[in-house]
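Have a look at the structure below, then the notes.
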Amino acid sequence: MDKKYIIGIIIALVVIVGAYMVVAPGSGSKVTIVGSTSVQPVAEKLATGYMKEHPNVKITVQGGGTAVGIKSAQDGTANIGTASKAISANDSQGLTQYTLGQDGVVAIVSPNNNLTGLTKDQLKGIFSGNITNWNQVGGPDAKINVIVREEGSGTRDAFQEIVLGKLSNGTKVSFVSSAIVQSSTQAVQQAVSQDPNAIGFCSFADLGNDTKALSINGISASASTIADGTYTIQRPFLFLVKGDAKGEVKNFIDWVMGPEGQAILTSEKIIKSTNSTNSTK
Amino acid sequence: MTEKTEEKFVKWVLFATGLSSIAIILLIILFIFNEGIPALTSVGFFNFVFGMTWAPSNGQYGVFPMVIGTLGITALALVLAVPLSICCAVFLSEIAPPTMRKILKPTIQGLAGIPSVIYGFFGLVVLVPFMRVHYGGTGFSLLAASLILTIMILPTITSISEDALRSIPMEYKEASFALGATQWQTIKNVLLPAAVPGVITAIILGMGRAIGETMAVIMVAGNVVQIPGSIFDPVRALTSNIALEMGYATGLHYNALFATGIILIGVIIILLLIANYFNYKKRVTIGGGYL
Amino acid sequence: MPYRIEVKDLNVYFGESHILKDINININNNMVTALIGPSGCGKSTFIRTLNRMNDSISTFKKDGSVLLDGDDIYESKVDVVDLRKKVGMVFQKPNPFPKSIFDNVAYGLRIHGENDKDVLANKVEESLRAAALWDEVKDKLEMSALGLSGGQQQRLCIARTIAVEPEVILMDEPCSALDPISTTKIEDLIHKLKDDYTIIIVTHNMQQATRVSKYTAFFLNGEIVESGLTEKLFMEPADKRTEDYITGRFG
């Protein structure tokens, strides 16, 4: 019988603790950040850094995409919406934008691929399916294996918008339908690194040693070419706040724009633009 | 606590747990239907199930290539895994000496405990490049997914089939030997037929694992929404579709992923019905008595 | 007349335990020999030695010889499959295969290479008639054998055994799991079969031994205490231990 009582007490304790954790109101203030999945990892790093210094503040970061970020900020369902592309004047009404910095998107190939660069039009041709053989862009006679991210990925959206663009009737140009879909940056890099005929893309910040970034129109991606805007496949990371930031939200954004926040952004390879036309604020 | 109240208490607790597990399953199904039905009604059931194009950004939701993908991957995996597993089970239960069995059985069961992402990673790093080099294309393919699944369901089918073989009464074996049958004749004519219901159960469980497996399949199948022209073409499974896009989906796209789940449940139910029908038929043909 | 089976100085061990000790016995052709004795005395082990069913037990060891028609069945050139075709066996518990009645009887014929449908049908009918089961099952040959009663199942097992035309039939307590009526039917069957087959039957039941057998051997603790004509063994036992056993003082 003793054993039964002990087990009973343990179960009771687990239930009580669990219930407390569910029901207990968070002490201190809360900030919610919702939006672009590309911004999400950076925002999480910033939130963790801020919470370390301000233990009574709780910041939650969620994905959903840029569209959700804009909508949540406008509705006020999130304190901060995030976006990984420049937003239209129509969407930005009533929103204050804070630019974290610029993120480059690079086309990557295997180190065994001798190609070093493409033009933007060639890149568009490859990813939209008009160019299917490496010999059409000065490479060997081999079929091009295109590797893309899954529908909904922020990097995919940015690449589609910047490189593929739109048709004259306004619809987005689609990726070639035979493109292999991989579900993470690491999976794309793994797939590209081992196949000399593959091409994919990833965020400049995630560029590793296993893959080679191609220069576009003769300009290779680097901190300086992204900062001055000469490397054109890039997108801004934005925080959107309805009206003026107040209270804890303002404190957080001030901290992000201050030296500690900037240090984190730099380590995440989010590059501060030096080109005034790129800067939103 | 008196004997009687304890008895009642235990009965009540068991009843409650049984009921709650049913309730949880019903709730999950209800939730999936609740979230998925809007997409089915807005796209149209037939357009959804038989549509050939999946492009949520353009508002096109057709899962037919993925139904084919799921069925193709699962069928090929079973075709590869079932004979292998049954041979393995026969070897373990009838031929392997006891010491070898003591080593082999835990090893095979251990395979079932390896997380699927490990299998997927193995496939991505070893199998896919191998297939690219030897069969061309990208290496991401239906065959790659089926091969990984074959390894994953092998332990399940082997170990349950082996249990079925071992549970066959010794008397059947002795009767066969006493009539002058060789070991192989005994295995083929007496043991395997008697183990059929158990083997079918094993196959059903293996099939369930193959259909439901997501992570490993995402990593090696290539996830292209197309009806494969050959087993070397990349495909997308229904499970992969849900897992790939659920992180971002909103609105109709989100509902469409739940609707994909409904279709998946439908596919599984149909396959289970077919499997159980075979199981039932197999028993009936034996005649009055069951094993 | 030469003996059908001659057993000389047979010792059987399972690992460390010495199960059968210095067994010497001769079995006559076309007669029923009963083996009696208390449980655990080695009767079953002994008849399983006669068709090498103990070979599959990894700890089995033996010395001495078992001759069938003058040839040692344990010699390396002997094919166990051929031996078991010649020496059939019926087990304690009826053990038909989970197949149809027809397939049960045809099983032995098929594994020995007989596939002709008409031949199979004739042999099955012949065997079922010989086992006195034909009239009961002739309309339901495709039914599962597991649907038969215990006594019918045991007669089916006998039919299955005689279908492959053995010379010797070993029966290991064939009636111990059956009711009295079924037992009577099996005993009648043994009477009928003894003209064509050499039958060795292990039994617990001394009345059964007197009813069916011509010769009897009494086993005790792995040894044969006494053997001889059944009538003589039961009426005038030479050994005190035999007398004690048959008069029910132990066992």
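Just so we're on the same page: letters track the sequence lines, and every chain starts at 1.
- Note: A/Ile147 CD1 to B/Phe140 CZ = 5.5 Å, rounded to the nearest 0.5 Å.
- In the displayed structure, B/Asn58 atom CG is contacted under 6.0 Å by more than 12 heavy atoms of other residues, nucleotides or ligands.
- Around atom CZ of B/Phe232, more than 12 heavy atoms belonging to other residues, nucleotides or ligands sit under 6.0 Å away.
- Heavy-atom neighbours of A/Lys269 NZ from other residues, nucleotides or ligands within 6.0 Å: above the threshold of 12.
- In this structure, CE in B/Met246 is found 13.0 Å from CD in A/Glu150, a value given to the nearest 0.5 Å.
- Counting only heavy atoms from C-beta outward, the side chains of B/His253 and A/Glu151 approach each other to under 4.5 Å.
- For A/Asp75, the CG atom counts as densely surrounded, since its 6.0 Å shell holds more than 12 non-hydrogen atoms of other residues, nucleotides or ligands.
- At a 4.5 Å heavy-atom cutoff, B/Asp233 makes no contact with chain A through either its backbone or its side chain.
- Within 6.0 Å of atom NZ in A/Lys45, 12 or fewer heavy atoms from other residues, nucleotides or ligands are found, so the atom counts as exposed in its surroundings.
- Using non-hydrogen atoms only and a strict 4.5 Å limit, no part of residues 258-269 of chain B faces chain A.
- Summarising the local packing, CD of B/Glu7 is surrounded by 12 or fewer heavy atoms from other residues, nucleotides or ligands at distances under 6.0 Å.
- At a heavy-atom separation below 4.5 angstrom, chain B is approached by A/Ser174, A/Ser177, A/Ser178, A/Ala179, A/Ile180, A/Val181 within residues 171-181 of chain A.
- Evaluation of the side-chain contact (heavy atoms from CB on, under 4.5 Å) rule for A/Thr37 yields A/Gln40, B/Tyr248 as partners, not counting sequence neighbours.
- Counting heavy atoms from C-beta outward, A/Asn197 and B/Arg132 have side chains that stay 4.5 Å or more apart.
- Using a 4.5 Å cut-off between heavy atoms, B/Val125 touches chain A through backbone and side chain atoms alike.
- Taken from CD in A/Gln194 to CZ in B/Phe130, the straight-line distance is 13.5 Å, to the nearest 0.5 Å.
- For the atom pair CD1 of B/Ile218 and CD of A/Gln182, the computed distance is 9.0 Å after rounding to the nearest 0.5 Å.
- Evaluation of the side-chain contact (heavy atoms from CB on, under 4.5 Å) rule for A/Pro140 yields A/Trp134 as partners, not counting sequence neighbours.
- The side-chain heavy atoms of B/Pro129 and A/Gln190, taken from C-beta on, include no pair separated by under 4.5 Å.
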